[in-house]
Amino acid sequence: MTKENSNEPLIDSNKLIFGIGQVQQITGVSGRQLRYWEEQNYIAPIEQQKGTQRQYSFHTLFLIFHIQRYLTQGFTLQAAVEKAKEFEKQMPVLRTFIKAQLQGVDVSNERSVIDFGFKNDERKQRVYGIVEGNKTYFKVEDLKESK
DNA sequence: TTTCTGACA
DNA sequence: TGTCAGAA
């Protein structure tokens with residue numbers, strides 16, 4: 001049988017493991033901070049024994065990256081963690097929606113068009129996301145009756 | 001060489 | 001949070 005879901009991720013993110021040194025290079029967060037954040041239970045390395053070197057999952061790396069971003073924006077560590085975790089909760093929802101709705105993207109320098117498919121099951125309107133430089137907006141197109 | 005824990009101008 | 005020490 002052929003796989004139903006033919007568009008699975010190319011790589012298994014669960015197999016992407018990073019040492020604390022790599023995390024420092026990638027995120028710019030110091031080892032001292034990483035250990036402190038861990039101590040505060042904001043982040044957690046992959047389960048391991050006492051004294052051994054820490055290993056971080058891709059998911060945790062992503063979380064660390066976002067916490068750092070919010071810190072840079074001026075949020076306190078606690079607030080940054082909350083915002084980062086909140087964002088992580090939203091991601092699956094966004095992913096599900098985009099995966100289901102995205103029909104195609106027509107890229108162009110002046111005006112790119114994102115096809116979000118039909119507005120609803122009535123299939124009488126098509127929704128498009130328009131990108132013109134830095135400006136973005138939606139456009140709903142009424143479809144001709146296919147009598 | 002890198003990382004770990006604990007301590008502190 | 002940075003940094004230093006002493007140990008893996």
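Throughout, a chain's letter reflects where its sequence line sits, starting with A, and its residues are numbered from 1.
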Scan nucleotides 1-8 of chain C against the protein and return all N/O pairs shorter than 3.5 Å with their distances rounded to 0.1 Å.
unit_1	atom_1	unit_2	atom_2	d
C:dT1	OP2	A:Q33	NE2	2.4
C:dT1	O5'	A:Q33	NE2	3.1
C:dG2	OP2	A:S30	OG	2.6
C:dG2	N7	A:R32	NE	3.4
C:dG2	O6	A:R32	NE	3.3
C:dG2	O6	A:R32	NH2	3.2
C:dT3	O4	A:R32	NE	3.1

message: Could you check whether any side-chain heavy atom of A:Y137 comes within less than 4.5 Å of a side-chain heavy atom of A:E132, counting everything from C-beta outward?
response: yes

message: Rounded to whole Å, how long is the line connecting atom CD of A:Q24 with atom P of B:dT3?
response: 6 Å

- prompt: So do A:V29 and A:V23 actually touch side chain to side chain, heavy atoms under 4.5 Å?
  reply: no

statement: Across all chains, not counting sequence neighbours, the side-chain contact (heavy atoms from CB on, under 4.5 Å) partners of A:E82 are A:Q78

query: Now, which nucleotide makes the Watson-Crick or G-U wobble pair with B:dA9, with each of the two distances under 3.5 Å?
result: none

task: Please examine the side chains of A:I17 and A:I46, heavy atoms only from C-beta on, and report whether any two atoms are closer than 4.5 Å.
output: yes

field: Whole-Å distance separating the CG atom of A:L34 from the C1' atom of B:dT3
entry: 12 Å

statement: Whole-Å distance, A:E39 CD to B:dC4 C1', equals 13 Å

- line: Between CD of A:E38 and C1' of B:dC4 the distance, given in whole Å, is 11 Å

message: Please evaluate residues A:V140 and A:R126 with respect to the criterion side chain to side chain contact (heavy atoms under 4.5 Å, CB included), reporting the C-alpha separation (whole Å), side-chain torsions for both, the decisive distance (0.1 Å), and the verdict.
response: CA-CA 6 Å; A:V140 179; A:R126 195 90 177 178; over 6 Å; no

task: State, yes or no, whether a side-chain contact exists between A:L61 and A:I26 at a heavy-atom distance under 4.5 Å.
output: yes

